[in-house]
Amino acid sequence: VGLAKVIRDDTDRKRNEELLQYQLNLADAIARNAAEGMILVDKEGRITFVNPTAEVLFGWTQEELVGELLHEKLHCRYPDGTWYPSEDCPHMAVLQTGETLRSEDDFFVHKDGRMVPISCSVAPIRSDNTIGGAVMVVRDLTQQKLAEATERENEEALQQAQKLESIGVLAGGIAHDFNNLLT
């Protein structure tokens, strides 16, 4: 009876598994620690992942959002609460066209109902040249919008003060001329 011994070198397989695990850990660390909100959706626009920053930004937990349609749960284009029709939604169009979208003036709905001004970037996720979903990176513009509003108010107040100063100078000149006439 003969014995056969088979030796298989698993070095490449182990190295590939370690590299894959490293890449998964790296992607997870980036998503969970990013300063911007990150939302992943599948090809139907259903939310599949929300990072902690997005949870804080919109007030929803990942458990409350996963499986929900992004457009119906969060996306609202207009600050007055008017829903943007889903067939016209540029975020959902990314899933059809495959073109990356960048928007600097958009609004999402917070869990408490208020509108959150955001800038966002939406990019398709491709696999074998097929769009399988999209990744959305959102940045809260609330503080920026407040600063812009404050700046506008300050400019308006300055203009009003300049108008009053001009009226004061004019009134002073008229009073001086009137005083000269009386003398």
Side-chain angles (χ1 to χ4, degrees), residues 1-77 83-145:
V1 171
L3 289 172
K5 187 174 186 180
V6 176
I7 299 175
R8 189 167 68 199
D9 185 5
D10 284 347
T11 305
D12 287 339
R13 184 183 59 79
K14 278 188 167 186
R15 190 175 315 130
N16 287 340
E17 286 176 0
E18 288 171 358
L19 179 59
L20 179 61
Q21 188 59 51
Y22 172 77
Q23 290 172 335
L24 288 172
N25 292 341
L26 180 62
D28 183 63
I30 291 169
R32 297 208 179 278
N33 295 297
E36 286 83 18
M38 297 178 77
I39 303 169
L40 300 179
V41 296
D42 65 14
K43 60 186 175 182
E44 283 82 37
R46 290 197 184 280
I47 299 169
T48 59
F49 172 80
V50 178
N51 76 344
T53 304
E55 288 180 318
V56 170
L57 180 57
F58 302 119
W60 303 92
T61 65
Q62 178 162 266
E63 292 77 21
E64 292 172 309
L65 290 174
V66 168
E68 298 288 331
L69 289 170
L70 171 78
H71 188 76
E72 291 179 8
K73 194 72 167 190
L74 291 175
H75 188 220
C76 177
R77 182 74 173 185
W83 288 102
Y84 200 117
S86 63
E87 61 273 3
D88 296 334
C89 178
H91 298 143
M92 296 299 101
V94 170
L95 296 169
Q96 305 304 316
T97 66
E99 295 178 16
T100 298
L101 167 75
R102 290 188 188 355
S103 172
E104 293 298 322
D105 194 22
D106 212 337
F107 292 87
F108 271 25
V109 181
H110 190 276
K111 186 176 182 177
D112 65 12
R114 67 185 157 88
M115 298 298 108
V116 179
I118 63 162
S119 69
C120 69
S121 175
V122 186
I125 299 171
R126 298 179 192 274
S127 177
D128 297 326
N129 215 18
T130 303
I131 299 171
V135 59
M136 176 179 289
V137 178
V138 296
R139 186 169 55 95
D140 185 2
L141 297 179
T142 303
Q143 294 303 318
Q144 178 182 329
K145 295 291 183 184

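Since the structure is predicted, the reported quantities are computational estimates derived from the model, not experimental observations.
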Does the side chain of Lys111 come within less than 4.5 Å of Glu64's, by heavy atoms? yes
Separation between NZ (Lys73) and CD1 (Ile47), nearest 0.5 Å, reads 8.0 Å
Where at least one partner belongs to residues 38-47, residue pairs that pass side-chain hydrogen bond (donor to acceptor under 3.5 Å, both in side chains), sequence neighbours excluded: none
Fit a plane to each ring of Phe108 and His91, take the angle between them on a 0 to 90° scale, and name the class: parallel (under 30°), tilted (30 to 60°) or perpendicular (over 60°). perpendicular
Any non-hydrogen side-chain atom of Thr48 less than 4.5 Å from a side-chain atom of Val41? no
Sequence neighbours left out, what pairs pass side-chain hydrogen bond (donor to acceptor under 3.5 Å, both in side chains) with at least one residue falling in residues 117-126? Arg102-Ser121
Run the side chain to side chain donor-acceptor pair (under 3.5 Å) test against Gln21 and tell me which residues pass, sequence neighbours left out. Asn25
Can you tell me how far CG of Leu74 sits from CD of Glu68, rounded to the nearest 0.5 angstrom? 9.0 Å
I need the Asp106 CG to Leu101 CG distance, nearest 0.5 Å. 8.0 Å
Look only at the side chain of Gln62 and the backbone of Val50, and say whether a donor-acceptor pair between them is shorter than 3.5 Å. yes
With sequence neighbours excluded, what pairs up with Glu36 under the side chain to side chain contact (heavy atoms under 4.5 Å, CB included) test? Val137, Arg139
Ignoring hydrogens, what is the shortest heavy-atom contact between Val109 and Trp60? Give both atom names and the distance. O-NE1, 3.8 Å
Can you tell me how far apart CE (Met92) and CG (Leu70) are? Round to the nearest 0.5 Å. 4.5 Å
Salt bridge (charged side-chain N to carboxylate O under 4.0 Å, His left out) between Lys14 and Glu18: does it pass, once the steps are laid out? CA-CA 6 Å; Lys14 278 188 167 186; Glu18 288 171 358; over 6 Å; no
Please name the pair of heavy atoms, one in Asn51 and one in Gly37, separated by the smallest distance, quoted to 0.1 Å. OD1-CA, 3.4 Å
Output, in order, the C-alpha distance, side-chain angles, deciding distance and verdict of side-chain contact (heavy atoms from CB on, under 4.5 Å) for Thr100 and Val94. CA-CA 6 Å; Thr100 298; Val94 170; over 6 Å; no
When every non-hydrogen atom of Ile131 is compared with those of Gly98, the smallest separation belongs to CD1-CA, 3.3 Å
Taking only residues two or more places apart in sequence, or in another chain, which ones meet Asp140 in a side chain to side chain donor-acceptor pair (under 3.5 Å)? Thr142
Under the side chain to side chain donor-acceptor pair (under 3.5 Å) test, residues paired with Thr130 that sit two or more places apart: none
Distance (rounded to the nearest 0.5 Å) between Glu104 CD and Ile118 CD1: 10.0 Å
Considering all heavy atoms of both residues, which atom of Val138 and which atom of Cys120 are nearest to each other, and what is their separation? CG1-CB, 3.7 Å
Mind checking whether Phe58 and Ile39 have side chains closer than 4.5 Å, heavy atoms only? yes
